[in-house]
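Labels below follow one simple rule: chain letters A, B, ... track the order of the sequence lines, proteins then strands, and each chain is numbered from 1.
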Number of protein chains: 4
Amino acid sequence: MGKHLSDNGYSRVTLRMGRYARKVSTGPAFKRLPRAVREQQMLDSAVRVFSRRGYHGASMDEIAEVAGISKPMVYAYLGTKEELFVACLHRESTRMMEAIAGAAAPDLPADERLWRGLRAFFGFVGAHRDGWAVLYRQARAEQPFARELTAMRARLVEVVAGMLDHALRAEGREVAGTELEVVAYALVGASESLADWLADHPEADPEKTATRMMNVAWLGAAQLLLGITWHPPEP
Amino acid sequence: MGKHLSDNGYSRVTLRMGRYARKVSTGPAFKRLPRAVREQQMLDSAVRVFSRRGYHGASMDEIAEVAGISKPMVYAYLGTKEELFVACLHRESTRMMEAIAGAAAPDLPADERLWRGLRAFFGFVGAHRDGWAVLYRQARAEQPFARELTAMRARLVEVVAGMLDHALRAEGREVAGTELEVVAYALVGASESLADWLADHPEADPEKTATRMMNVAWLGAAQLLLGITWHPPEP
Amino acid sequence: MGKHLSDNGYSRVTLRMGRYARKVSTGPAFKRLPRAVREQQMLDSAVRVFSRRGYHGASMDEIAEVAGISKPMVYAYLGTKEELFVACLHRESTRMMEAIAGAAAPDLPADERLWRGLRAFFGFVGAHRDGWAVLYRQARAEQPFARELTAMRARLVEVVAGMLDHALRAEGREVAGTELEVVAYALVGASESLADWLADHPEADPEKTATRMMNVAWLGAAQLLLGITWHPPEP
Amino acid sequence: MGKHLSDNGYSRVTLRMGRYARKVSTGPAFKRLPRAVREQQMLDSAVRVFSRRGYHGASMDEIAEVAGISKPMVYAYLGTKEELFVACLHRESTRMMEAIAGAAAPDLPADERLWRGLRAFFGFVGAHRDGWAVLYRQARAEQPFARELTAMRARLVEVVAGMLDHALRAEGREVAGTELEVVAYALVGASESLADWLADHPEADPEKTATRMMNVAWLGAAQLLLGITWHPPEP
DNA sequence: TATGAATGAGAGTTCATTCAT
DNA sequence: GATGAATGAACTCTCATTCAT
């Protein structure tokens, strides 16, 4: 039962009998930390627990315990379970978007940008498999977080569509916004799927995965650039 | 709380007196139905409720109520909530696979097959938006169903990879199995994403969505057929 | 799950899915049996299931299944679960009392009678370990059956007390009824305990257990016959 | 159904409106008590309820209500129903063993020790009829507790066997361990039976019951001391 | 600031028991 | 006579959330 003792350096031991733990703060340094630090501790724990157990499987009890803090503090600092989850989502997605944006500088040629973006993306997912699991897999399934998630995905789609558009214009071509978006949406979806797969395979290499996705994406996109399209056969 | 009165013709209502409920079977025709029929009713309700509320949000109580029977019958016939969900998954995924397989006859040319397969797929999703939500969105998020889901996705990937392989060989070319699979995986992922999007947009046209996906897929694949690949730049 | 298929020759197979079994009657001979026979089948099954699972652990479902009969029949023939249990109790205790009474003929000398009675008792327990478990262990714990049990024990006590009294009178001595009864009660209690032990040790030899009990009982009783008693020391 | 209102001074009442209940904390003093205190309250209630209704008949709801707290606290502090029962068993049996051990000092002559031990035993049972009912009658019937119970009984048997052995050696005699143990087992069984009887007869006098048991035990044992044994007749 | 103590509400699951065929 | 279908009623257990100290 003592399965989730804090393994992150925060100090708090749990002697079990019944369900409520007999909690004992240990170690010399159990300081009153400034709020900001505590909040990060909590988010760290929350992300870890959410990704280990899923949104529903996670209990506020465990999150607090892993954070080395009492439950009321969690509520005081970060609010409801739902709010807490949103906070996690927020932090992680911001980090991810920053990683991608930082890598894919807007002044590079389109394929270079796409490649760097993908590499950053899969690199991030690979390095934060936990975060990704929270970010996407959970959020996708639970209505309350759909909005947050949709927003984030929209940003990605926009970035990708922008890239394509840029490349097309460079070629002197132009494609309807909707069409572009759908293609972008599909590419983002494909990336998500591969990211899922990456998160599930700890031994997999992010770089290689990025290369694979690049093949699919770029080659697919290239067609578009060449103005080739497919039409359904007449019935 | 009288939120989920049965809206499917099955008759069982919940009368409320103050805070409390009392279930009453109503209507003249409350026949004892044979097991097979009841099971389908239950699965229908379960699919609906699961997709409306999500796996965790769904309660066995509501499922039973919507099905127009008492909870114990659900347990008697279909077992645990988890088992029930798996049963839904099973039925829906079987139906879907059958729809696809029925459409994409193996003796057609590759692009024709792919197109028909996609059309069937999006057609199915569009027609069973409920089922799709159960099938994928929920299952992806909950560990216990991952296996079932993975298996199904694997079947899809296999089909797609087979298609590509077939087309390649017709062109006298050959590609390593792994590579094919990753491409297939990405395409399946892209389709899933568009399906998600379709499920969320009741007004969207399945046929058009299929066309879009076909563009991405076939054109991307076409490159592969031509032997064009992309490689990461030397650092 | 198919753990308790009937292993007593009655023919009924159970295909599981969900909780309700899909029951199928098999074999050529699934006759409509006369009531008396059916009742014995049921009691057999009930005794077995009760002793395997305990009164509460036993379910009417399982009892019916083991009996190879549908639940409503059990209710029709033997009534409520409680009544069914009492019926078991009754049958088993009657059998046991008959075994004992048959062995300990009243015209034998006291020690001979006691010995034969004990031998019969432990023999019976050893041969019907199931029955004993139902009879005593369960019944002792559940209030509703206390009366039945008490009655039966009373009969035993009476028999034993009678024996002692007879022996005493033969020696020209006499002891107050109450005293006799308490001694008898204690001896019965000791026997029950050893019976419990015997029921739990399948390899144990009833005859030897009887001998041991005889030693305790008869030697203890012998003192009584000699008029020796113990008194608490003056404070 | 308002059958189990708290009758021990703890304050928590169940108000009924029609068929339904609403729990309300009453009284002016509804303090937050320290864990240790609450735990004892809970154990008190649990012992009482278990002995009144039996293990299965007892509901966690009632136990909580009688203890004057909410159900979750019971789970928080003492765990599952099963664990709770074991905790009761533990506390009561420890108390009892202490009572006995405290009375029967090892340096007394054997008969004196036996007498004091029995007096303490029946005294305890008489004073804690509730506890005894929990301790033995329930535990005997339910498999999960058999081990705990067996362990405790084994301790008793050991004590008694030790006593006998001691006395025998003082007489310069020696008896095989197994034989001693069986005799001890039987004596313990006899005591348990009388204890059962005592628990069922509120008016009965523990001291007198102890005397009676002493008669049976000591006199029976005395034979052993004299080297007299009984053998089955040759067939 | 920080926490132990406390709880309302509800979910899944099981069972004895009975109709209706 | 026999059974599949059906259900009311509990019961255990968990969890997010909040006082009171």
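- Look at CG on Leu33(B): it is 12 Å from C1' on dG4(F), rounded to the nearest Å.
- Residues Glu65(A) and Lys71(A) form no side-chain contact, since every pair of their non-hydrogen atoms from C-beta on lies 4.5 Å or further apart.
- A salt bridge does not link Arg38(B) with Asp44(B): every distance from a Lys NZ or Arg NE/NH1/NH2 to an Asp or Glu carboxylate oxygen is 4.0 Å or more.
- Secondary-structure stems of DNA chain E, taken as three or more successive Watson-Crick or G-U wobble pairs (i with j, i+1 with j-1) under a 3.5 Å distance threshold, comprise E:2-21 with F:2-21.
- Between Arg91(B) and Gln40(B), the side chains place a donor N or O and an acceptor N or O closer than 3.5 Å (distance only, hydrogens not considered).
- A sub-4.0 Å separation between OP1 or OP2 of dT1(E) and a side-chain N or O of Arg38(A) is absent.
- One interatomic measurement links the two molecules: CD1 of Ile63(D) to C1' of dT12(F), which rounds to 11 Å at whole-angstrom precision.
- A donor-acceptor pair is defined here as one N or O able to donate and one able to accept, closer than 3.5 Å; no such pair exists between the side chain of Glu39(A) and the backbone of Ala36(A).
- As rounded to whole Å, 12 Å separates atom P of dG4(E) from atom CD1 of Ile69(A).
- Each of Arg35(C) and Met73(B) was matched to the nucleotide of DNA chain F holding its nearest heavy atom; the match closer to the 5' end belongs to Arg35(C).
- Per the geometry, CD belonging to Glu65(B) stands 14 Å off P belonging to dG12(E), to the nearest Å.
- With rounding to whole Å, Gln41(B) atom CD is found 13 Å from dA5(F) atom P.
- Ring planes of Phe85(B) and Tyr55(B): perpendicular class, angle over 60° (limits at 30 and 60°).
- To the nearest 0.5 Å, the span separating CG on Leu89(A) from CD on Glu82(A) amounts to 11.5 Å.
- Side chains of Gln138(C) and His56(C): a donor-acceptor N/O pair is absent below 3.5 angstrom, by distance only.
- The CD atom of Glu62(C) sits 10 Å away from the P atom of dC15(E) (whole-angstrom rounding).
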List the protein contact pattern of nucleotides 15-21 of chain F with one symbol per nucleotide (5' to 3'): B for base contact, S for sugar-phosphate-only contact, - for none; contact means a heavy-atom distance under 4.0 Å.
BSBBBS-

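- Met73(A) has its side chain within reach of Met42(A): a pair of non-hydrogen atoms, C-beta onward, lies under 4.5 Å apart.
- Atom pair Arg53(C):CZ and dC15(E):P shows a separation of 10 Å (rounding to whole Å applied).
- Although no hydrogens or angles enter the test, the distance criterion places a donor-acceptor pair under 3.5 Å between the side chain of Ser59(D) and the main chain of Glu62(D).
- For the OP1/OP2 pair of dA2(F) and a distance below 4.0 Å, the side-chain nitrogens and oxygens of Tyr77(C) include at least one atom meeting the criterion.
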